[in-house]
Amino acid sequence: MKLIRFGLPGEEKPGVATAAGMFDTSAFGEDYGEKFFKSNGLERLSQWWAQHGSSCPQIPAGVRLGPPLQRPSKIICIGLNYADHAKETGAATPAEPIVFFKSTSSLVGPNDNLVIPRNSQKTDWEVELAVVIGKKTSYVEEKDALDYVAGYCLHNDYSERAFQIERGGQWVKGKSCDTFAPLGPWLATKEEIGDVNNLRLWLTVNGQKMQDGNTSNFIFNVAYVVSYLSQFMTLLPGDVISTGTPAGVGLGMNPQVFLKPGDVIELGIDGLGSSKQTAVAYK
């Protein structure tokens with residue numbers, strides 16, 4: 001299945017995306033959050049849809065899409081997880097995953113505007129594969145790790161590089177500004193995706209291709225990352241893990257390129273759709 005949420009910010013309703021269009025599943029009676037995933041919601045929704053899908057109203061074209069899941073307990077990110085990205089930033093290839101957090105208040109819909117933060121000079125883009133956890137995960141072995149995954153999403157891990165790198169402390173400051181985590185358009189369950197470690201991902205700015213990579217170039221693949229994180233923290237249903245970005249970010253260019261108001265950023269991943277954000281100035 002492909003799960004979506006639609007409507008005004010803070011008032012999103014649940015739905016599904018199919019080949020025939022997008023449909024409102026509000027009658028199912030549950031939104032897509034921790035409780036939904038914890039209580040075998042994907043299977044229950046699939047069974048409900050088989051019985052009631054034909055009577056679900058179609059969502060009109062042009063309706064805003066929100067993040068495809070409710071605000072999770074945490075957004076965990078993996079840094080420098082593609083060798084070509086580590087090289088372009090001048091960093092050594094990590095021996096273990098680099099782990100940082102992104103504030104959950106940065107989460108927005110896939111096509112919402114990107115608000116360039118106040119005093120920002122170095123807002124940057126990062127197309128990433130996001131993993132959504134399906135059940136409570138602690139000390140899981142790599143061979144079993146994908147059993148704990150609900151599905152996958154497209155994510156743009158926006159970063160303010162001066163906040164991240166030049167202001168001391170941890171990366172979280174440059175990763176957590178409002179609108180810095182557009183997620184979606186949908187959450188694709190595992191059966192929708194063939195090999196999650198072999199997906200093309202791309203990003204353009206104002207129509208110019210900036211990133212064009214493949215998850216086959218992960219340093220640490222999805223199962224390894226899930227298992228690794230579970231050694232240090234309990235992953236809860238609905239938690240999001242963003243798995244890193246390939247080469248082509250503005251920080252790695254010579255001269256460096258950063259976003260300005262009016263720029264249009266488009267991105268996509270095989271099987272996970274595409275999204276589009278327009279950069280606007282903070283007011």
Side-chain angles (χ1 to χ4, degrees), residues 1-7 12-59 65-76 104 107 109-110 128-138 140-155 181 183-197 199 215 221-223 225-227 229-230 234-243 269-273 275:
M1 301 189 76
K2 294 176 180 174
L3 276 55
I4 61 166
R5 294 170 71 248
F6 66 98
E12 290 93 348
K13 297 178 181 180
V16 296
T18 73
M22 297 187 299
F23 296 88
D24 183 343
T25 59
S26 297
F28 177 65
E30 296 178 42
D31 202 353
Y32 306 144
E34 180 178 345
K35 182 178 178 181
F36 168 82
F37 293 107
K38 181 171 64 176
S39 60
N40 202 26
L42 288 175
E43 183 175 338
R44 291 187 295 105
L45 176 63
S46 179
Q47 294 172 354
W48 182 90
W49 174 258
Q51 295 180 342
H52 304 284
S54 60
S55 61
C56 288
Q58 188 160 3
I59 299 167
L65 291 178
L69 68 162
Q70 286 181 310
R71 185 179 295 178
S73 83
K74 48 191 172 290
I75 301 173
I76 314 161
T104 58
L107 190 65
E128 303 202 5
L129 170 74
V131 179
V132 179
I133 295 299
K135 54 186 176 181
K136 189 175 180 179
T137 308
S138 182
V140 67
E141 295 184 31
E142 183 177 351
K143 65 180 179 64
D144 301 319
L146 294 186
D147 294 339
Y148 292 78
V149 171
Y152 307 101
C153 300
L154 171 65
H155 177 223
L183 196 68
W186 54 68
L187 184 161
T189 53
K190 286 182 293 185
E191 67 272 10
E192 293 277 347
I193 303 299
D195 181 1
V196 71
N197 295 301
L199 300 175
T215 60
N221 68 25
V222 170
V225 165
V226 172
S227 173
L229 291 174
S230 79
T234 295
L235 306 173
L236 296 178
D239 279 356
V240 174
I241 303 169
S242 201
T243 56
I269 301 179
D270 290 348
L272 298 177
S275 66

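Below, each value reflects all heavy atoms present in this structure, side chains not excepted, and no hydrogens, waters or symmetry copies. Quantities reported herein were computed from a predicted structural model and do not represent experimental measurements.
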Going by heavy atoms in the side chains, are [X] and [Y] under 4.5 Å from each other?
{"X": "Ile59", "Y": "Ile4", "value": "yes"}
{"X": "Tyr32", "Y": "Val132", "value": "no"}
{"X": "Leu69", "Y": "Leu3", "value": "no"}
{"X": "Phe6", "Y": "Met22", "value": "no"}
{"X": "Asp239", "Y": "Thr137", "value": "no"}
{"X": "Leu236", "Y": "Lys74", "value": "yes"}
{"X": "Val140", "Y": "Asp147", "value": "no"}
{"X": "Glu30", "Y": "Leu45", "value": "no"}

For [X] and [Y], work out which heavy atoms get closest and say how close.
{"X": "Asp31", "Y": "Glu12", "result": "OD2-O, 4.1 Å"}
{"X": "Arg5", "Y": "Pro67", "result": "NH1-O, 3.0 Å"}
{"X": "Asp24", "Y": "Pro14", "result": "OD1-O, 3.5 Å"}
{"X": "Ser275", "Y": "Pro110", "result": "CB-O, 3.2 Å"}
{"X": "Phe28", "Y": "Gly41", "result": "CZ-O, 4.4 Å"}
{"X": "Gly184", "Y": "Cys153", "result": "N-CB, 4.5 Å"}

Out of curiosity, [X] [atom1] to [Y] [atom2], how far, rounded to the nearest 0.5 Å?
{"X": "Lys136", "Y": "Ser230", "atom1": "NZ", "atom2": "OG", "answer": "12.5 Å"}
{"X": "Ile241", "Y": "Ile75", "atom1": "CD1", "atom2": "CD1", "answer": "11.5 Å"}
{"X": "Thr25", "Y": "Trp49", "atom1": "OG1", "atom2": "CH2", "answer": "7.5 Å"}
{"X": "Leu154", "Y": "Glu128", "atom1": "CG", "atom2": "CD", "answer": "10.0 Å"}
{"X": "His52", "Y": "Gln47", "atom1": "NE2", "atom2": "CD", "answer": "10.5 Å"}
{"X": "Thr215", "Y": "Leu129", "atom1": "OG1", "atom2": "CG", "answer": "6.5 Å"}

Would you confirm whether Ser39, through its side chain, and Lys35, through its main-chain N or O, come within 3.5 Å as a donor-acceptor pair?
-> yes
Look only at the side chain of Ser138 and the backbone of Thr234, and say whether a donor-acceptor pair between them is shorter than 3.5 Å.
-> no
For atom CD of Glu141, decide whether the heavy atoms of other residues, nucleotides or ligands shown that lie under 6.0 angstrom number more than 12.
-> no
Of all residues at least two apart in sequence or in a different chain, which pass the side-chain contact (heavy atoms from CB on, under 4.5 Å) check with Lys190?
-> Val149, Tyr152
Decide yes or no on side-chain contact (heavy atoms from CB on, under 4.5 Å) for Leu146 and Val226, but give the supporting numbers first.
-> CA-CA 8 Å; Leu146 294 186; Val226 172; 5.6 Å; no
Walk me through it: do His155 and Ile269 pass the test side-chain contact (heavy atoms from CB on, under 4.5 Å)?
-> CA-CA 9 Å; His155 177 223; Ile269 301 179; over 6 Å; no
Take Phe36 and Leu42 through the test side-chain contact (heavy atoms from CB on, under 4.5 Å) and record every step on the way to the result.
-> CA-CA 8 Å; Phe36 168 82; Leu42 288 175; 4.0 Å; yes
Output, in order, the C-alpha distance, side-chain angles, deciding distance and verdict of side-chain contact (heavy atoms from CB on, under 4.5 Å) for Leu183 and Leu107.
-> CA-CA 7 Å; Leu183 196 68; Leu107 190 65; 3.8 Å; yes
